[in-house]
Amino acid sequence: MKEISNKAIVFLLLFTLLITISGTIVSINKLLGLEGYPSITGAGTSNATGTASVTISANTAITNNVATINFGSGYVNSTCTQCRMDSDVGLSGVNCCIGFTNITSGFLLENTGNINVSVNYECAFNCTAATLIGGTKPGFEIKWTANSAAAQAGEVGSLDSTASCEGKFNATYENVTAAGKFICGNASGNYSLDFNNALDAFVVDINLTIPVDAPNTGGARSAVFTFNATSTG
Amino acid sequence: MKKISFILVILIMVIFLLLIPSAPAISVMGQQLSPILYVAGKTITNHYVITDTNYPIEVLLKGQLIEYINISEVENNQFDMTLSFPEKLIDPGIYTFTLSINEAPGNNGNTLGTKLSVNKNFQILVYSNEKELEPSFSATSVNINETVQFTISLESRGYQDIERVNAEITVYDTNDKELGKIETKEVPLPALEKAYFRDSFKTEGLPAGIYHAKANVFYDGKMKSVNTSFKIGAMELLLKNYTSTINPGFNEFKFLVENNWGNPLGNVYAKLFINDTEILQTPTIALDAWKEGELKGIARVDLLPGIYLGRVQLFYEDQNREMPLNFTVVEIISPVIKEEISNSWIYFSLGAVLIILLIIIIILLTKIKDKR
């Protein structure tokens, strides 16, 4: 094996240094742009008096940091009975799933407002395994996990350190339904997805099981999930 | 040429990173209204701003009483919600409705796509058409011989004016013995309004302790009762809890104490004696009025397992009080052995790691020598 030259090492070091400096500059600029990190100004002097009033608005907000799960197109190897695609762990039995995209990230939902919310899901279009996939024993399942446990990158705020939704999750897969259900909190005023950055996110994973005899319709079949974030008004 | 290609690749990567689209999101911002009190003929308007979404949106209302709610045209992702209650009274109760802001991207062609929606749930409180009153009662804790202040808060929860409200306060000691009565004045209370009765009670001659009081509130032929309690404090430090079970050897002793005085207490510390030998004096702390605090310290106990009589001397300001305490000395062997075993494992592992490191260094030095 050819040894790495000193020049190459120096070049790599310089490149690393460049990235570090660029990153620092970008970070400092972003920090200065935030409230609480104002630009340095001279001390102001004034004797005028006035009345200050402030109204804090309630911001109900939700961000989906992974908007789509697109397994792409492919087929099941004829030597297998099925191909299982799980957005949590990726393709199960790579030899059985031919051509499909290996997805390892679920929908990452985050409360980006300033008020606690509850979250439920609904599904439109092909919301059963039979209509989305077809064939013998297809599967179209959903589960949800705290991001403090899933540790999926991409939260707008920092990665959660505490389980959101009071730690109440469904970590085993269940069938998707069109009516959906509450994932976090409930309809009776339990708004348990906190707005605190340390516990404001969770991951919704999807599992598709495609049997070898799934019909080929010649086009992509899809389902659209609606995630509803609800707060007190 | 190679250099140019390399720079080009880096540039493309930087541009790609800069152009990564922001994550789909939706938010709606507006002043919090809920719970909304129903007042016949009243109009309430609230402004909302929708942000973060790049999709067309639809604003929907669903739930109860939405026939009295109007949503304005959405312009620049902003709209008003106006509640116009009719001039009539409706059945009392809690009504709910939801304001929904939904993205409408449709099916975007992906296998599994998503839409987002934000909702705000509102409650409309419709009070009774009768005369209704919600009273609450509080009292201040005081020091010996000081005067207790009673406050009765009155909130009309009906749409009819109350012509006359008055209350009678009865004060009891710890044994439910009646100590005195206070009659408040009589006032009118308009519908949905609030009022207060404030009265005082002299505690001269009453010893320190916990007392309670009951207020009967009379309004236009009806009556409701509310209760409260208060302390009459003396300058003393109470022992609420202490470490009673200890092991031979070093122990942490904790004494939970409470300031039974309506003023701060300074210079608070404790001395612990077992078998008439002082074994511990805790650091000094200060306690705010009526507050609890913890006095703690570590002391060595050279006693065999058994029950021992001790005493604690509590110091506060320039006073002190003493009380007897029982201590149980319990010998626990297994954790000590366990700790010793685990400690020996740590030393063994550290030693092994050091030896391995030493061997690696020697091998490296030998190699360098050979090379030369």
Side-chain angles (χ1 to χ4, degrees), chain A residues 11 15 18 22 55-73 85 87 100-101 103 107-110 112-115 117-118 120-125 132 140 154-156 176 187 189 191 204 206 208 220-233, chain B residues 3 6-7 10 13-14 17-18 20-36 46-55 61 63 69 81 83 94 96-124:
Chain A
F11 177 76
F15 183 64
L18 184 77
S22 313
T55 305
I56 309 292
S57 294
N59 185 21
T60 309
I62 184 104
T63 299
N64 183 3
N65 298 293
V66 176
T68 58
I69 295 178
N70 194 348
F71 291 110
S73 58
M85 298 188 288
S87 68
F100 291 109
T101 309
I103 302 286
F107 300 123
L108 175 55
L109 292 151
E110 185 178 359
T112 43
N114 64 359
I115 188 167
V117 298
S118 62
N120 70 305
Y121 88 88
E122 291 164 358
C123 176
F125 302 107
L132 184 70
F140 181 23
E155 279 190 46
V156 174
V176 171
Y191 306 112
V204 176
I206 300 295
L208 289 184
R221 280 171 283 190
S222 60
V224 174
F225 290 95
T226 301
F227 294 107
N228 300 295
T230 306
S231 73
T232 185
Chain B
K3 272 184 183 173
F6 179 75
I7 290 165
I10 295 291
M13 279 170 70
V14 170
L17 285 171
L18 288 173
I20 285 176
S22 57
I26 187 168
S27 65
V28 61
M29 204 160 26
Q31 204 177 327
Q32 192 165 329
L33 288 183
S34 186
I36 302 161
N46 209 24
H47 185 70
Y48 292 95
V49 180
I50 302 161
T51 54
D52 297 335
T53 183
N54 297 318
Y55 294 108
L61 276 175
I69 307 164
M81 180 177 75
L83 293 89
I94 299 172
T96 57
F97 73 93
T98 303
L99 174 70
S100 291
I101 294 93
N102 304 326
E103 283 181 345
N107 185 344
N108 50 16
N110 292 300
T111 315
L112 302 169
T114 54
K115 287 201 304 181
L116 295 174
S117 153
V118 278
N119 310 279
K120 284 181 181 282
N121 279 345
F122 296 85
Q123 281 189 339
I124 299 174

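We name chains A, B, ... by the order of the sequence lines, and we start the count at 1 in each one. Note that the coordinates shown come from a computational prediction; the quantities given were computed from them, not determined experimentally.
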S.K.: In Å and rounded to the nearest 0.5 Å, what is the CG to CG distance from B:Asn102 to A:Asn228?
M.R.: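 Rounded to the nearest 0.5 Å, the CG-CG separation comes out at 7.0 Å.
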
S.K.: For chain A, find which of B:Gly30, B:Pro35, B:Ser34 contributes the most heavy-atom pairs closer than 4.5 angstrom.
M.R.: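 Highest number of pairs under 4.5 Å: B:Gly30.
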
S.K.: Between A:Thr112 and chain B, with a heavy-atom cut-off of 4.5 Å, which part of the residue counts as in contact: side chain, backbone, both or neither?
M.R.: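 Looking at A:Thr112, nothing touches chain B.
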
S.K.: Is A:Phe140 close to B:Leu112 at the side-chain level, that is, under 4.5 Å between some pair of heavy atoms?
M.R.: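 Counting from C-beta outward, B:Leu112 and A:Phe140 do come under 4.5 Å.
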
S.K.: Donor-acceptor check, side chain of A:Thr68 to backbone of B:Gly113, threshold 3.5 angstrom: yes or no?
M.R.: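 No, the answer is negative, given that no donor and acceptor are paired below the 3.5 Å cut-off.
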
S.K.: Does any non-hydrogen side-chain atom of B:Val118 lie less than 4.5 Å from one of A:Val117?
M.R.: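 Of all side-chain heavy-atom pairs linking B:Val118 with A:Val117, none is under 4.5 Å.
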
S.K.: Does any backbone or side-chain atom of A:Tyr191 lie under 4.5 Å from a heavy atom of chain B? Answer side chain, backbone, both or neither.
M.R.: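 Interface part for A:Tyr191: side chain.
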
S.K.: Please identify each residue that fulfils side chain to side chain contact (heavy atoms under 4.5 Å, CB included) with B:Met81, with sequence neighbours left out.
M.R.: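 Side chain to side chain contact (heavy atoms under 4.5 Å, CB included) check on B:Met81 returns B:Leu33, B:Tyr48, B:Leu61, B:Ile69, B:Ile71, B:Leu83, B:Phe97, B:Leu99, B:Phe122.
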
S.K.: Using non-hydrogen atoms only, which part of A:Phe107 is less than 4.5 Å away from chain B: side chain, backbone, both, or neither?
M.R.: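 Just its side chain gets close to chain B.
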
S.K.: Locate the shortest heavy-atom distance separating A:Ile62 from B:Ser117; write the atom from each residue and the value.
M.R.: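 Minimum heavy-atom separation between A:Ile62 and B:Ser117: CG2-O, 4.2 Å.
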
S.K.: Under 4.5 Å heavy-atom distance to chain B, tell me which part of A:Ile115 shows up: side chain, backbone, both or neither.
M.R.: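 Side chain only.
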
S.K.: With chain B, which of A:Ala58, A:Ala61, A:Ser57, A:Cys123 has the greatest number of heavy-atom pairs at distances under 4.5 Å?
M.R.: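 Counting heavy-atom pairs under 4.5 Å, the top option is A:Ala58.
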
S.K.: Taking all non-hydrogen atoms of both residues, which atom of B:Ser27 and which atom of A:Asn59 are closest, and how far apart?
M.R.: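 Nearest heavy atoms, B:Ser27 then A:Asn59: CB-OD1, 3.3 Å.
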
S.K.: Would you name the heavy atoms of B:Lys120 and A:Thr232 that are closest together and state the gap between them?
M.R.: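 Between these two residues, the closest heavy atoms are CG-O, 4.4 Å.
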
